[in-house]
Protein chains: 2
Amino acid sequence: MKKYIPVLKRTKLFSGVGEEDIASLLSCLGARKKECKKGEYILREGEHISDIFILVEGKIHIQKDDYWGNRSILSVISVGEMFGEGYAAPESGALLNDVVAVEDSSVIFFDVKRILTTCSSACRFHNMIVQNMFFAISDKNRKLVQKLGHMSGRTTRAKLISYLSEVAKRQGSSAFTVPFNRQQLADYLCVDRSAMSNELCKMRDEGMIKFEKSRFELL
Amino acid sequence: MKKYIPVLKRTKLFSGVGEEDIASLLSCLGARKKECKKGEYILREGEHISDIFILVEGKIHIQKDDYWGNRSILSVISVGEMFGEGYAAPESGALLNDVVAVEDSSVIFFDVKRILTTCSSACRFHNMIVQNMFFAISDKNRKLVQKLGHMSGRTTRAKLISYLSEVAKRQGSSAFTVPFNRQQLADYLCVDRSAMSNELCKMRDEGMIKFEKSRFELL
DNA sequence: TCTTTTCCGTTGTAAAAACAACCGACTTAT
DNA sequence: ATAAGTCGGTTGTTTTTACAACGGAAAAGA
């Protein structure tokens with residue numbers, strides 16, 4: 001597990017904790033490691049977990065198969081990212097997704113209760129981890145809510161308006177740059193790229209917006 | 001603040017804590033109260049907050065106005081529910097939504113850092129609150145991810161398949177009852193009710209599903 | 001420089017969704 | 001018992017979207 005400490009140091013969860021302290025934290029938390037070959041399942045739908053997982057090597061997909069067998073990829077997890085945090089609560093029920101390695105991968109995981117119930121003074125940085133974890137989930141939460149807000153519009157235009165308005169607000173200006181190219185923006189908003197491109201141009205022709213590449217201006 | 005203790009006792013955040021202990025927790029957390037008349041803003045877009053809010057009386061809307069002034073309601077908060085948890089992290093930036101009372105309302109709120117940084121032994125149930133809060137956010141997180149999964153399908157049918165498959169999984173049977181009527185389900189999936197009704201009937205005619213009222217069966 | 005790839009706007013067509021309007025079955029209130 | 005309201009299925013029309021295919025500009029690479 002030691003060799004992954006430099007990776008962990010750069011994660012949100014362990015940010016602000018020195019390498020020596022991470023080592024002692026890992027044992028304090030009862031952290032375990034699991035290695036998976038490409039194609040293997042790390043977690044399966046139906047399992048019950050109460051752990052937080054951190055990917056320290058490789059790449060994994062969180063995916064689900066519907067009743068008729070159609071598969072869809074819900075998210076792609078890269079090194080340093082956390083997953084499983086939605087199932088931390090005792091009443092969260094069985095896992096509804098599969099987690100599968102798309103490259104040879106290693107994950108480090110530990111039981112959430114181990115963090116929450118152990119007295120904070122047990123080890124020096126325990127409290128810091130609680131904070132980090134909390135802020136990480138809180139942050140994820142906000143992003144999910146915002147995305148859901150954009151996607152709740154029924155038309156592509158409504159989704160674009162919602163998204164562009166938010167970026168403008170966040171950047172505090174009616175002229176701003178979005179962190180996506182067209183394809184990525186379309187994927188984020190769950191619409192077809194060419195249809196979105198088309199809609200953007202209509203909005204431009206109607207005098208609502210101006211844009212060039214990833215730079216937009218609301219009028 | 002005392003009169004709201006029975007309400008708080010029934011919230012997720014204070015579940016498992018006795019009424020006497022809630023009183024001491026509130027002062028330990030530095031909880032404050034804010035009362036708003038119908039129509040007043042509890043929080044405005046652009047504010048910076050690091051508090052968790054609990055609605056103890058009335059009803060409020062979380063809403064946003066886009067750049068061109070179109071208003072949309074993101075969620076309706078009822079008594080006992082928590083909000084603001086997405087902005088707990090220090091780097092979460094300015095609030096992107098407005099929070100407005102649609103009835104005369106009262107909220108109780110306290111700084112998250114007060115929970116996370118104070119030593120757990122400061123008061124008896126402090127640690128319990130940390131757990132409750134964590135599980136509440138974790139739970140919200142899972143629900144958001146699931147909903148996003150359903151909404152990422154491009155067609156109404158895809159959304160329905162995703163949703164129905166999940167409920168079937170969760171209830172562990174291909175026959176199950178959904179907790180929505182048609183209008184509510186359509187609202188949840190962000191589609192038109194009649195179009196959804198239509199699609200459900202097509203799926204039935206194609207032999208994919210059977211249903212009656214809120215009871216469904218996948219075939 | 002020449003080739004290849006990426007990005008993105010454009011077009012046309014077929015499919016799908018929204019929207020509005022209506023109806024019958026059923027429930028609830030007066 | 002009657003009236004009013006809710007719920008959900010159905011239909012037709014209009015708008016919107018997905019999808020596929022193409023082409024030009026710019027960037028990346030050989």
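Chain letters run A, B, ... following the sequence lines, proteins first and then strands; every chain starts at 1.
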Residues forming a ring pair (Phe, Tyr, Trp, His ring centres under 6.0 Å) with B:F216, sequence neighbours excluded: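 By the ring pair (Phe, Tyr, Trp, His ring centres under 6.0 Å) rule, B:F216 matches B:F211.
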Contacts of type ring pair (Phe, Tyr, Trp, His ring centres under 6.0 Å), residue A:F176, not counting sequence neighbours: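 Partners of A:F176 by the ring pair (Phe, Tyr, Trp, His ring centres under 6.0 Å) criterion come out as none, since no residue qualifies.
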Aromatic ring pairing B:F53/B:F109, orientation class (parallel under 30°, perpendicular over 60°, tilted between):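 Geometry flag for B:F109 against B:F53: parallel rings.
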Touch class at under 4.0 angstrom, heavy-atom based, for A:F180 against every strand present: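 Counting heavy atoms under 4.0 Å across all strands, no contact is made by A:F180.
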How many whole angstroms separate atom [atom1] of [X] from atom [atom2] of [N]?
X	N	atom1	atom2	result
B:L189	C:dA17	CG	C1'	14 Å
B:R154	D:dA18	CZ	P	6 Å
B:D192	D:dG8	CG	P	14 Å
A:R182	C:dC7	CZ	C1'	9 Å
A:D187	C:dT6	CG	C1'	15 Å
A:Q183	C:dC8	CD	P	9 Å
B:Q184	D:dG8	CD	C1'	13 Å
A:N181	C:dC8	CG	P	5 Å

With a 3.5 Å cut-off and sequence neighbours excluded, list the donor-acceptor pairs that the side chains of residues 33-42 of chain A form with protein atoms.
residue: A:K33; atom: NZ; partner: A:E35; partner atom: OE2; Å: 3.1
residue: A:K34; atom: NZ; partner: A:I42; partner atom: O; Å: 3.1
residue: A:E40; atom: OE1; partner: A:K37; partner atom: N; Å: 3.0

Without placing hydrogens or testing angles, list every side-chain donor-acceptor pair under 3.5 Å for residues 181-189 of chain B, not counting sequence neighbours.
residue: B:N181; atom: OD1; partner: B:Q183; partner atom: N; Å: 3.1
residue: B:N181; atom: OD1; partner: B:Q184; partner atom: N; Å: 2.9
residue: B:R182; atom: NH1; partner: B:K213; partner atom: O; Å: 3.0
residue: B:R182; atom: NH2; partner: B:K213; partner atom: O; Å: 3.0
residue: B:Q183; atom: NE2; partner: B:D187; partner atom: OD1; Å: 3.1
residue: B:Q184; atom: OE1; partner: B:N181; partner atom: N; Å: 3.0

Those residues of residues 195-204 of chain B lying under 4.0 Å from DNA chain C by at least one heavy atom: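 The stretch gives B:A195, B:E199 as the residues lying under 4.0 Å from the strand, ordered by number.
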Basic-acidic side-chain contact under 4.0 Å: A:K202, A:E206: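 Not counted as a salt bridge, because no side-chain N and carboxylate O are separated by less than 4.0 Å.
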Any B:T155 side-chain nitrogen or oxygen under 4.0 Å from OP1 or OP2 of C:dA16: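 Result: no.
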Test: A:R142 cationic atom under 6.0 Å from B:Y87 six-membered ring centre, within 45° of axis: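 Positive - A:R142 is close enough to the ring of B:Y87 and near enough to its axis.
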A:Y4 versus A:S106, side-chain donor and acceptor atoms under 3.5 Å: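 Result is yes, a qualifying pair exists.
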B:S165 and A:K64 side chains, donor-acceptor separation under 3.5 Å: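 Not at all, the side chains of A:K64 and B:S165 share no donor-acceptor pair under 3.5 Å.
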Summary of protein contacts for nucleotides 22-29 of chain C, nucleotide by nucleotide, where a base hit scores B, a sugar-phosphate-only hit scores S (4.0 Å, heavy atoms): --------
